Amino acid sequence: MTDAVAEDLHRLVTESDAIAAQSHAIVVEHLEKHYGDYHALRDINLNIPSGSLTALLGPSGSGKSTLLRAIAGLEVPDGGTVRIGDEDVTYVPPQKREIGFVFQHYAAFKHLTVRDNVGFGPSIRKQPKAEIAKRVDELLEIVGLDGYQDRYPSQLSGGQRQRMALARALAVHPKVLLLDEPFGALDAKVREDLRGWLRQLQSETGVTTVLVTHDQEEALDVADHIAVLNEGAIEQWGSPREVYETPANDFVMSFLGPTAVLRGALVRPHDLVLSHEHIDGAVSTVVERVVHLGFEVRVELRDEQGEQLSAQTTRGEAARLDLAVGQRIFVRPGQPDAAPAPTTA
Amino acid sequence: MGRTAAGGIGPIGLGVAVLWLSVIVLLPLAAITVRSFDDGLGGFIDAIDAPAARAALTVTVGVSLIVTLINVVMGTLIAWVLVRDDFRGKGFVNALIDLPFALPTIVASIVLLSLYGPQSPFNIELNATRPALVIALLFVTLPFVVRAVQPVLIELDKEVEEAAASLGASNLTTFRRIILPTLAPAILSGAGLAFTRAIGEYGSVVLIGGGIPRETEVASQYIQKQIEIDRFVNAAAVSVTLLLIAFVVLLVLRLIGGRAARREERAG
Ligand SMILES: Nc1ncnc2c1ncn2[C@@H]1O[C@H](COP(=O)(O)OP(=O)(O)O)[C@@H](O)[C@H]1O
Ligand SMILES: [Mg+2]
């Protein structure tokens with residue numbers, strides 16, 4: 001996102017009262033959900049701070065949508081509680097929760113224009129037409145769809161439809177904004193643009209936001225907090241840095257980034273140090289392939305037990321080691337900057 | 001939307017289609033239209049202005065309108081239940097819907113006569129009344145709206161309704177403002193078919209309706225009688241009037257339904 005766009009967004013959000021600054025925490029306690037015999041949510045406890053952007057991250061089928069939908073009131077849990085702000089909303093229907101929900105596949109009202117889509121929520125609240133029109137125009141300007149008022153959803157691109165869906169959700173002054181894989185149906189470039197834009201919109205408006213994604217890069221990129229889900233349970237809760245650098249277990253470790261197995265333990269490939277000399281704790285391997293990926297170099301290795309692993313290093317380091325296929329090299333975990341000078345042997 | 005050169009079937013296909021429609025549809029229609037004007041325009045007007053003819057046409061259109069309205073409501077409701085609700089025997093009920101349509105219509109008439117005729121087991125005698133006409137026509141036109149609405153309802157995105165709910169819309173509001181407009185083209189098209197089928201119906205009303213002139217005599221029965229007494233021009237004129245009504249109704253419904261559908265599909 002360019003600075004000009006960012007400044008524009010800042011000005012629009014601050015000038016307009018289209019999005020009232022609301023901040024409500026979401027507290028989930030001992031939430032349980034079964035679908036028949038299937039245990040979809042297992043004792044979920046979450047404390048989502050007001051004004052934050054939290055990502056629910058996990059593989060497909062891990063229960064992210066079920067959890068988000070329970071917060072929205074679109075699923076009724078079997079046990080536990082959901083609170084938004086001071087209110088226990090566990091059994092409050094979605095209509096009464098004052099939430100904004102954005103779906104992966106837009107869920108646009110196809111027979112209504114962009115204007116009427118965004119104005120749908122306010123019109124149900126029987127607000128005066130002129131007021132609705134003004135707010136819709138402001139929101140459309142904020143999401144970058146000014147001038148598209150009279151189009152139908154089928155005349156918009158995927159990214160534009162999702163912006164419209166976001167404006168529609170924001171139009172009702174939601175206490176919290178819930179997004180279920182909102183960029184999942186978009187292509188990579190649009191996805192990245194929208195992601196940065198959402199990040200900024202969220203921090204400008206300060207509305208508590210929960211984003212479901214199965215893309216760890218997306219979660220690490222936009223979220224203040226990440227809840228990592230697996231098989232209906234939360235494996236870890238923390239800042240992006242915490243979950244990436246100090247994963248609670250092997251699942252979180254392998255889900256958040258690439259891993260290599262060294263002496264039975266999981267290590268990040270970029271935390272592997274290569275050297276020609278044997279040092280305590282190092283494993284002897286043979287270089288099988290050296291792949292240059294711009295600044296980074298991926299070195300594929302095979303240890304003496306025949307197991308494959310790959311290490312990631314810099315172009316400079318690879319040149320210094322003068323890596324060649326078939327060469328013997330020692331690998332150990334550690335920070336590259338902590339590596340001993342090569343001449344100390 | 002729109003036919004492209006690549007998606008079309010070429011001039012031969014088009015030619016065959018036009019020829020087929022001409023022989024099967026246009027030729028007989030043209031013949032009967034010509035026939036109805038055998039005695040000139042005055043003859044045509046006299047034929048449909050005869051009290052019995054006017055009564056038959058009025059009864060037919062009136063009863064068909066009632067039948068169509070009931071069908072719109074009940075057909076949509078039945079389609080809704082068949083798509084959205086799970087119950088035992090759903091497959092059976094689903095198969096049952098087409099039966100009135102598949103049955104020889106005279107069978108329908110006999111069945112209804114045994115139910116509502118002089119020997120009615122419930123003691124409800126509707127024989128030779130207008131309500132009997134309505135029931136008979138409801139019976140044979142049942143599938144039209146159901147079958148038109150069903151596929152659209154199946155395709156309806158559940159998330160759209162959830163989006164409406166999250167924005168504060170009650171179930172009724174969601175139905176009225178989101179679902180109904182989406183179903184409207186299908187409902188209209190089903191209604192058009194039901195109406196046109198109803199105004200032309202003969203078999204199912206012939207026994208139970210009684211055919212009392214100016215009371216329960218429908219247009220098709222009137223036409224039959226005119227032919228029996230060799231008044232071909234009268235028969236043809238009423239036929240052409242029926243045709244015209246059917247055509248106008250289908251055209252208008254198509255225009256309304258098409259406009260709604262185009263709004264959704266106007267692809268960029
Ligand atoms: N309505 C439902 N009926 C039965 N099973 C469901 C239903 N919704 C979700 N599930 C199951 O619950 C599990 C979690 O689903 P979901 O929350 O959608 O996962 P995610 O969003 O993480 O991909 C999946 O195994 C899914 O098959
Ligand atoms: Mg999901």
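Note that this is a predicted model, so its numbers are computed, not measured. Labels below follow one simple rule: chain letters A, B, ... track the order of the sequence lines, proteins then strands, and each chain is numbered from 1.
- Sorted by first then second residue, the salt bridge (charged side-chain N to carboxylate O under 4.0 Å, His left out) pairs that include residues 85-101 of chain B, not counting sequence neighbours, are B:Asp86-B:Lys90, B:Asp98-B:Arg147.
- Identified by a heavy-atom distance below 4.5 Å to chain A, the contributing residues of residues 166-177 of chain B are B:Ser166, B:Leu167, B:Gly168, B:Ala169, B:Ser170, B:Asn171, B:Thr173, B:Arg177, in residue-number order.
- Within a 6.0 Å sphere centred on CZ of B:Phe92, other residues, nucleotides and ligands contribute 12 heavy atoms or fewer.
- Summarising the geometry, atom CZ belonging to A:Phe101 is positioned 7.5 Å from atom CD belonging to B:Glu159; distances are rounded to the nearest 0.5 Å.
- In this structure B:Val248 satisfies the side chain to side chain contact (heavy atoms under 4.5 Å, CB included) test together with B:Val252, sequence neighbours excluded.
- Heavy-atom neighbours of A:His39 NE2 from other residues, nucleotides or ligands within 6.0 Å: above the threshold of 12.
- Remark: B:Arg254 CZ is loosely packed, at most 12 non-hydrogen atoms of other residues, nucleotides or ligands lying under 6.0 Å away.
- With a 4.5 Å cut-off on non-hydrogen atoms, B:Ala164 touches chain A through its backbone and its side chain both.
- For a heavy-atom cut-off of 4.5 Å, chain B lies close to A:Leu74 in residues 70-89 of chain A.
- The number of heavy-atom neighbours closer than 6.0 Å to OH of A:Tyr35, taken from other residues, nucleotides and ligands shown, is above 12.
- Neither the backbone nor the side chain of A:Ala165 comes within less than 4.5 Å of any heavy atom in chain B.
- Counting heavy-atom neighbours within 6.0 Å of B:Ile12 CD1, excluding the residue itself, gives a total of 12 or less.
- In this structure, the side chains of A:Lys110 and B:Asp157 stay at 4.5 Å or more apart for every pair of heavy atoms.
- In this structure, chain B has no heavy atom under 4.5 Å from any part of A:Arg151.
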